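Data block below; observations after.
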Amino acid sequence: MNMPDSRADSPADLVAAEDVLLFVNAAITATGQREFRSRAVDQQLSLDFLHTYVRVNYRRVYAASLALDINHHNAALIVRRLLETADEGSPEERRTEGRLIAARLAALPPQRVYRLFGELRRAKVNNRRTRAIMRDWLAARPDLGHDAVKYRAGLKTVARHIHLPCPEGRGPLAEVGAFLFRPGRLPRYEHGTLDAWRRAHYEQGAVAELPFTVAEGFAAKHGMKREVFLKRAAPRMTRLERLRTQEQRVVGDRRPDVDLTVMPLTRLALYVLSLGFEERSERRAELTGALRSAARRAAGAHAGSWGRVHTVLDDSFSSSGSGQKRRRPLAVALACHHLLAVLAAPGAYRGLWTSGARDALLVRPWGPTPLGTRILDALEPGADGAAPDRLVIVSDGWDNAPAGLAGEVLRVWRRRLDPARRTAVVHVNPVYDAEGFDVRRLAAGVATAGIRDAEDLPALVEIARFAEGRSGPAELYAYLDRQVARFVSGEGAVP
């Protein structure tokens, strides 16, 4: 990936750098699902083209993207495409790809990895490197017995594909093999979860010992009342499972305990927006406190280091997202609002919603997108007469009230009023534009980056500066090299 200095500013390298940034934006935001303005099939076709284009033309960069904060969907796609086309890479490239793939698989949710391995089996990808990667990933799993119950079909597929040795007799691997391939042969299992699955066929008490998604099926089979089952299963639920079933577990007027203070910032914002206005108002102190606490955790060492920060936040109707990504753009804006308040110097933050809303806790997707007007307001000096050090715009970029005003405001501001770039302007966009193969931009001279989770904002601002043209291709490739080195060493593991 290293580039000679003599070619650092050549036209070919400038085009390559633009292609890299375009792909990174897509890999962060696009999930192949329906968006407000595009169908799922449009998203999938657009994303498929980008993956093929970058893999063929910039294979090292394509692999290096695994070290960035891309979403799980694209990470799995990259791993699959690299393993399917292993013969296209040099020995050095394959070695680097192997380390990147192993590190990324360790960070992916297990259900997504099992699904990926199933796709590789159906595609008949059975080379030695693929089998070794599967074996190493399985060997690192903390509890194969738990996986055998919760991800039975996935584990069974992988075991067959790599010819996992499952000896007869006793022992953890032998029991897993018997459970997967010889069910009913053993009268009992030493592994607690495997034996709970056996007993759950005829014993209600064993149902609560199983993973929640498996236990639900047994509860229905036994005709257990939903409230009773949820109460018993609560201790073994994941955080997201507790949130999804919270309304079903309300007993009288007492709400089940859900520790909001440990939730990631964007996930917490999604939860807040799922509540009605009345409940948000009643729980204002709790919800606001949880959002601020999550924002402080996300900011970390960056807290208070961004100086004066003014923000334009998009809560127009398009921020409602789609049926598959309900309220996701608005949740990202709400999470960024709280995070930027922490990143700014004390008392130096100003957030402006496109609808004119003044209460962030009660925002809703509503109205047009007057970005130009709000950007004018945000560029005005603060109470001390000073312009903001940073202007951050969180929007899908569909400026329509009137159309194009935002780009014109930013163009005039940059060329006439702030040619020295005293105010850094960054646009973060949570929505992938399938037609443009990128996130929608407001103006040519404004740094734009795709965003999936607000927690990634500090890192995305660093990437966005390359899009602004103030840093050249050589710096971009050096940045990717550093990220790869940190990622494979475990220092910069993607959460």
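These figures come from a predicted structure and were not determined experimentally. In what follows, every heavy atom counts, from backbone to side chain, and hydrogens, waters and symmetry copies are set aside.
Using a 4.0 Å cut-off between charged side-chain N and carboxylate O, Arg60 and Glu92 make a salt bridge. The pair Arg411-Glu408 meets the salt-bridge criterion, with a side-chain N (NZ, NE, NH1 or NH2) lying under 4.0 Å from an Asp/Glu carboxylate O. Using a 4.0 Å cut-off between charged side-chain N and carboxylate O, Asp315 and Arg327 make no salt bridge. Electrostatic pairing of Asp399 and Arg440 does not count as a salt bridge here, judged by no charged N lying under 4.0 Å from a carboxylate O. A salt bridge does not link Arg37 with Glu435: every distance from a Lys NZ or Arg NE/NH1/NH2 to an Asp or Glu carboxylate oxygen is 4.0 Å or more. Asp359 and Arg284 are joined by a salt bridge, as a carboxylate oxygen and a charged side-chain nitrogen come within less than 4.0 angstrom of each other.
If you check the side chains of Arg297 and Ser293, you find a donor sitting under 3.5 Å from an acceptor.
Heavy atoms only, all atoms of each residue included: Arg141 and Asp147 are closest at NE-OD2, 2.7 Å.
Ile101 is not listed as a side-chain neighbour of Ile78, based on a closest heavy-atom distance of 4.5 Å or more. Counting heavy atoms from C-beta outward, Leu339 and Glu455 have side chains that stay 4.5 Å or more apart. Looking at heavy atoms from C-beta onward, Val394 lies in side-chain contact with Cys336 at the 4.5 angstrom threshold. Residues Arg104 and Ile70 meet the side-chain proximity criterion, which asks for heavy atoms closer than 4.5 Å. Within the 4.5 Å cutoff, the side chain of Leu340 has heavy atoms near those of the Leu457 side chain. Between Leu379 and Trp413 there is a side-chain heavy-atom pair separated by less than 4.5 Å. The shortest distance between side-chain heavy atoms of Val363 and Leu313 does not fall below 4.5 Å. Looking only at side-chain heavy atoms (C-beta outward), Leu361 and Leu291 come within less than 4.5 Å of each other.
For Phe117 and Trp137, the ring centers are positioned less than 6.0 Å apart. The aromatic ring centroids of Tyr62 and Phe23 lie less than 6.0 Å from each other.
Here the CG atom belonging to Leu66 is positioned 9.0 Å from the CD atom belonging to Glu97, to the nearest 0.5 angstrom. To the nearest 0.5 Å, atom CG of residue Leu352 and atom OG1 of residue Thr373 are 11.5 Å apart. Atom-to-atom distance recorded for Ile375:CD1 and Leu391:CG is 6.5 Å, nearest 0.5 angstrom. To the nearest 0.5 Å, atoms OH (Tyr432) and CD (Gln43) are separated by 7.0 Å.
Residues in residues 299-308 take part in these side-chain hydrogen bond (donor to acceptor under 3.5 Å, both in side chains) pairs, two or more places apart or across chains: Arg308-Asp384.
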task: Decide yes or no on side chain to side chain contact (heavy atoms under 4.5 Å, CB included) for Thr311 and His337, but give the supporting numbers first.
output: CA-CA 8 Å; Thr311 310; His337 169 70; over 6 Å; no
query: What's the verdict on salt bridge (Lys or Arg N to Asp or Glu O under 4.0 Å) for Arg94 and Asp87, showing C-alpha distance, side-chain angles and the deciding distance?
result: CA-CA 9 Å; Arg94 288 198 295 270; Asp87 57 333; over 6 Å; no
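When the salt bridge (Lys or Arg N to Asp or Glu O under 4.0 Å) test is applied to Asp19, no partner is found at least two apart in sequence or on another chain.
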